[in-house]
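So the structure is just underneath, and the comments pick up after that.
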Amino acid sequence: AYVGALQANFGNPYETGIVDLQNQITDLNNQIIQNNELIGTLNNQITLNNQTIDGNLATITALQTETTTLNNQLTDLNNQITDLNTQLNNTELTEEEVAGIQEQIDALNTNATELNAQIATTETQLNTVQGEITTLETEIANSTNEIANLETDIVNATNKITTTEVELTSTIENVKPGVGVDSGWETVNLDINNDGVVNEADIDA
């Protein structure tokens, strides 16, 4: 009867909220662990993205050098074509000489067309690589912001754990035997006049 009365007075851990508080602390600790793991993953991704950007920057430098070289070659070809077209204006040229110059011009024009195609391809590659860099920089910025948010969540969860642990300690103290309802009534002697019988005489006494 005494044990049953204590259980009724103080409740079990589920009724007193002790288990709920313990579960809250467990959930908060799990959240902190998960956030730290995600932060580690994001930092690794940022490192990989930065390495990729470095590689792309080197590629851009090479492509820009290639573009400059191709443009210089194209300029030389156009100058040669201009000179040959000027020679064609010479009325003293024989038909064979005119045909020979025209053949050179045609060959140079073919080379110029090929150079223009190479330049266009190189510029397309440049735009693609520059676009990849922009995308990677955006991903890095997003990851950095997400890390900041996760770190804030960790701080908040840590503070919440502290307050919850205080609440848990207080709850445990408040439900200990001797703290709650006085259990003295469990052993009250109703035979007030000690005559061996509990009756109206005890009420009068």
Side-chain angles (χ1 to χ4, degrees), residues 23-162:
N23 288 340
Q24 288 180 38
I25 292 172
T26 299
D27 291 341
L28 290 167
N29 279 318
N30 288 337
Q31 179 187 342
I32 290 173
I33 292 171
Q34 291 172 358
N35 282 11
N36 279 321
E37 290 176 349
L38 184 53
I39 287 172
T41 299
L42 291 170
N43 277 323
N44 289 337
Q45 188 59 54
I46 288 174
T47 299
L48 292 174
N49 285 354
N50 279 321
Q51 291 173 347
T52 303
I53 287 174
D54 290 340
N56 284 352
L57 289 174
T59 300
I60 285 175
T61 299
L63 290 172
Q64 288 173 334
T65 300
E66 182 180 350
T67 300
T68 299
T69 300
L70 292 172
N71 279 317
N72 289 337
Q73 294 175 0
L74 182 60
T75 299
D76 290 339
L77 285 177
N78 286 329
N79 289 337
Q80 294 178 45
I81 292 171
T82 299
D83 290 340
L84 290 172
N85 281 322
T86 301
Q87 293 179 30
L88 284 178
N89 293 328
N90 186 351
T91 57
E92 297 180 357
L93 293 175
T94 64
E95 290 183 2
E96 292 180 354
E97 291 173 332
V98 169
I101 293 173
Q102 187 60 57
E103 186 177 343
Q104 294 179 51
I105 292 173
D106 292 341
L108 291 173
N109 278 324
T110 298
N111 291 337
T113 299
E114 293 174 353
L115 282 174
N116 276 317
Q118 292 178 35
I119 291 171
T121 299
T122 304
E123 289 177 344
T124 298
Q125 292 173 344
L126 270 172
N127 291 333
T128 299
V129 176
Q130 288 170 339
E132 290 177 357
I133 289 177
T134 299
T135 300
L136 290 169
E137 288 175 340
T138 300
E139 289 180 2
I140 290 173
N142 291 338
S143 295
T144 301
N145 289 334
E146 187 172 356
I147 287 173
N149 291 334
L150 289 169
E151 289 175 339
T152 299
D153 289 343
I154 288 174
V155 172
N156 292 337
T158 301
N159 292 336
K160 181 63 176 176
I161 287 173
T162 300

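Residue numbers run from 1 in the order of the sequence given.
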Mind listing the side-chain donor-acceptor pairs of residues 111-121 below 3.5 Å, one per line with the distance, residues two or more places apart or on another chain?
residue	atom	partner	partner atom	Å
T113	OG1	N109	O	2.9
N116	ND2	A112	O	3.2
T121	OG1	A117	O	3.0

Atom OG1 of T68 and atom CG of L63: how far apart are they, to the nearest 0.5 Å?
-> 10.5 Å
Yes or no on side-chain hydrogen bond (donor to acceptor under 3.5 Å, both in side chains) for N142 and E146, after CA distance, side-chain angles and deciding distance?
-> CA-CA 6 Å; N142 291 338; E146 187 172 356; over 6 Å; no
At what distance, to the nearest 0.5 angstrom, does OG1 of T122 lie from CD of Q64?
-> 11.5 Å
How many angstroms lie between OG1 in T128 and CD in E123, if you round to the nearest 0.5 Å?
-> 12.0 Å
Heavy-atom side-chain contact between N56 and T52 under 4.5 Å | yes
Sub-4.5 Å side-chain heavy-atom contact between Q102 and D106 | yes
Are any non-hydrogen side-chain atoms of Q51 and L48 less than 4.5 angstrom apart?
-> yes
Measure the spacing between CG of D54 and CG of N49 and express it to the nearest 0.5 Å.
-> 11.0 Å
Heavy-atom side-chain proximity of E139 to L136 below 4.5 angstrom = yes
Result block: side-chain N/O donor-acceptor pairs under 3.5 angstrom for residues 76-85, not counting sequence neighbours:
residue	atom	partner	partner atom	Å
N78	ND2	L74	O	3.3
N79	ND2	T75	O	3.3
T82	OG1	N78	O	2.8
N85	ND2	I81	O	3.2

Start with the C-alpha distance between T61 and L57, add both sets of side-chain angles, then the distance that settles side chain to side chain contact (heavy atoms under 4.5 Å, CB included), and finish with yes or no.
-> CA-CA 6 Å; T61 299; L57 289 174; 5.6 Å; no
Distance in Å, N72 CG paired with T67 OG1, rounded so as to fall on 0.5 Å steps = 10.5 Å
Return the minimal non-hydrogen interatomic distance between E97 and E92, and the atom names on each side.
-> OE1-O, 4.3 Å
Value for CG (D153) from OG1 (T158), rounded to nearest 0.5 Å, stands at 10.5 Å
Residues, nucleotides or ligands: over 12 heavy atoms within 6.0 Å of Q87 CD = yes
Show me, pair by pair, the donor-acceptor contacts under 3.5 angstrom made by side chains of residues 32-43, not counting sequence neighbours?
residue	atom	partner	partner atom	Å
N36	ND2	I32	O	3.2
T41	OG1	E37	O	3.1
N43	ND2	I39	O	3.3

